[in-house]
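Inspection log for the structure reproduced underneath, given as structure tokens.
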Amino acid sequence: MRIGVPKEIKNQEYRVGLTPGAITELTHAGHSVLLETGAGDGIDVSDVEYKASGGDIARNAATVFASADMIVKVKEPQPIECEMLRPGQIIFTYLHLAPDPVQTKLLLASGATAIAYETVHDSAGRLPLLAPMSEVAGRLSVQVAAHYLQKTEGGRGVLLSGVPGVEPANVMIIGAGVAGMNATQLAVGLGARVVVVDKSVQRLREIDQLYHGRVQTISSTRESIDYYSQWADVIIGAVLVPGASAPKLITKAMLSKMKRGSVLVDIAIDQGGCFETSHPTTHDNPVYEVDGVIHYCVANMPGAVPRTSAYALHNVTLPYVLTLANNGLDALKSDPGFMSGLNVYRGQLTNAAVAEAQNRSYVLPESIL
Ligand SMILES: NC(=O)c1ccc[n+]([C@@H]2O[C@H](COP(=O)([O-])OP(=O)(O)OC[C@H]3O[C@@H](n4cnc5c(N)ncnc54)[C@H](O)[C@@H]3O)[C@@H](O)[C@H]2O)c1
């Protein structure tokens, strides 16, 4: 199969669809890969390195789209990219179609087959192509919080780890899933005092066993969150209720009782945010203050570390890219979890959640493939 990798054009997106290691695997399996020149600039991989791994370089995106059987990207195709897709061509990338009727319309009109990273399931029902970005965001959240706790950044002037004779910072992590567990690992590693809050007692049991009392686990209630929000120097929000907006767990009233200069990091901002006072920010202007509390609410946190994020993404997407390249759409038929990634097939919508969000009709993917 001929695989095309254009340079990402969405604002502040520096990741790239495939890394050199992935190109080597694909070419070794008999496929060819055409990359747009400069596609790897944002992760510090040159055209020369891509060529050395077996890829070919095209002068522009139009050439990549025109010659590829399958486009592999990171972010959803922008309108100008949707217009370059053609009937029968496959595009495999993050789509996030539900809140995006414009992209849905353009993809349906293109006649292409669009498979979304974020709706692919594994056999346990997890979302394997989302997990690495939650890992990155979870770990980054602690790094970011430590930075904004500094007085020079508007924070309380507290060192996360403390020093001998002086207590460390107090960190509350709400939501002990992939992002929350990774945040916990970093916060503990940096020496902070950590409380993890989740509504799943099973998750709390696992953390308790893992950290042998080094981390305090607390069941999620309004009362417990209110209590620990007054104790915390840092609160990291990492909850997810699949298919729903994030619940507002820190209210404006709770915020007014928090310590001045403490830091909130709302990882769940891409689902609307789990603090009442959150609104999305960008890497250009990542923080704002409400009642003396710093809010960091960047919706694409992994974008800050594109090199790590791109390699983490490829570790999980490569097996799917390979099986698609080897078997075409038959790859979906033999894996129901992969089939759930199919969002658009030759002008038809094939995802129930997207159809419901946009009041459109859809067909079951199994009925047309
Ligand atoms: N901002 C970013 O750049 C970025 C990057 C990656 C992921 N995310 C977001 O981070 C969030 C977490 O993702 P994840 O992969 O860790 O999800 P996950 O499903 O692995 O974990 C979510 C956890 O939240 C818990 N939870 C749900 N409701 C709760 C409540 N009321 N109180 C306490 N805990 C509750 C669940 O029990 C679960 O343990 C998602 O919204 C995801 O979209 C954001």
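Because only heavy atoms are used, hydrogens play no part in the values below, and waters and symmetry mates are left out as well, while side chains stay in. Whatever order the structure lists ligands and atoms in, that order sets their numbers, starting from 1. Because the structure is predicted, anything quoted here is derived from the model rather than measured.
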Shortest protein heavy-atom distance from [atom], along with the residue and atom involved:
atom: atom 14 (P) of ligand 1; answer: Ser134 OG, 3.6 Å
atom: atom 3 (O) of ligand 1; answer: Met301 N, 2.7 Å
atom: atom 41 (O) of ligand 1; answer: Gln271 CG, 3.2 Å
atom: atom 12 (C) of ligand 1; answer: Ala238 O, 3.5 Å
atom: atom 23 (C) of ligand 1; answer: Gly177 N, 3.7 Å
atom: atom 16 (O) of ligand 1; answer: Ala179 N, 2.8 Å
atom: atom 11 (C) of ligand 1; answer: Val239 O, 3.5 Å
atom: atom 44 (C) of ligand 1; answer: Ile267 O, 3.0 Å

Check ligand 1 against [X] and write out every atom of the ligand that is under 4.0 Å from a heavy-atom position of the residue.
X: Ala268; result: 41 (O)
X: Pro302; result: 3 (O)
X: Met133; result: 5 (C), 6 (C)
X: Ala137; result: 4 (C), 5 (C), 6 (C)
X: Leu249; result: 30 (C), 31 (N), 32 (N)
X: Asn300; result: 3 (O)
X: Ala176; result: 39 (O)

Worksheet item: Applying a strict 4.0 Å limit to heavy atoms, is Ala246 in contact with ligand 1?
Response: no
Worksheet item: Would you call Val298 a ligand 1 contact, heavy-atom distance under 4.0 Å?
Response: yes
Worksheet item: Would Lys333 and Asp330 pass as an ion pair if we require N to O under 4.0 Å?
Response: yes
Worksheet, complete the sentence: On a heavy-atom basis, the closest approach of Gly273 and Asp266 is CA-OD2, 3.2 Å
Practice prompt. Please name the pair of heavy atoms, one in Ile225 and one in Met172, separated by the smallest distance, quoted to 0.1 Å.
Written response: O-CE, 3.9 Å
With respect to [X], determine whether any N or O atom, backbone or side chain, lies less than 3.5 Å from an N or O atom of ligand 1.
X: Ser220; answer: yes
X: Ile269; answer: no
X: Ala299; answer: yes
X: Asp198; answer: yes
X: Asp266; answer: no
X: Leu240; answer: yes

Under 3.5 Å, is there a donor-acceptor pair between the [X] and [Y] side chains?
X: Asp284; Y: Gln12; answer: yes
X: Asp208; Y: Thr217; answer: no
X: Thr281; Y: Asn285; answer: no
X: Thr323; Y: Asn326; answer: no

Where does the angle between the aromatic ring planes of [X] and [Y] fall among parallel (under 30°), tilted (30 to 60°) and perpendicular (over 60°)?
X: His295; Y: Tyr288; result: parallel
X: Tyr311; Y: His314; result: tilted
X: Tyr296; Y: Tyr148; result: tilted

Worksheet item: Is the backbone N or O of Leu34 less than 3.5 Å from a side-chain atom of Asp56, with the two atoms forming a donor-acceptor pair by type?
Response: no
Worksheet entry | Main-chain N/O of Ala299 paired to Asp270 side chain as donor or acceptor, under 3.5 Å | no
Worksheet item: Counting only heavy atoms, which portion of Lys199 has something under 4.0 Å from ligand 1: side chain, backbone, both, or neither?
Response: both
Discussion item. With a heavy-atom distance limit of 4.0 Å, tell me whether Asp270 approaches ligand 1 through its side chain, its backbone, both, or neither.
Written reply: side chain
Practice prompt. Pick out which of Ile115, Ile71, Val344 makes a side chain to side chain contact (heavy atoms under 4.5 Å, CB included) with Ile91.
Written response: Ile71
Response to the item:
Value for CD (Glu118) from CG (Leu97), rounded to nearest 0.5 Å, stands at 7.0 Å
Discussion item. As a check for students: among Val201, Leu127, Val178, identify the option with a heavy atom nearest to atom 20 (O) of ligand 1.
Written reply: Val178
Discussion item. Between Asp198 and Arg203, does the salt bridge (charged side-chain N to carboxylate O under 4.0 Å, His left out) criterion hold? Intermediate values first, please.
Written reply: CA-CA 7 Å; Asp198 202 291; Arg203 294 300 292 151; 5.3 Å; no
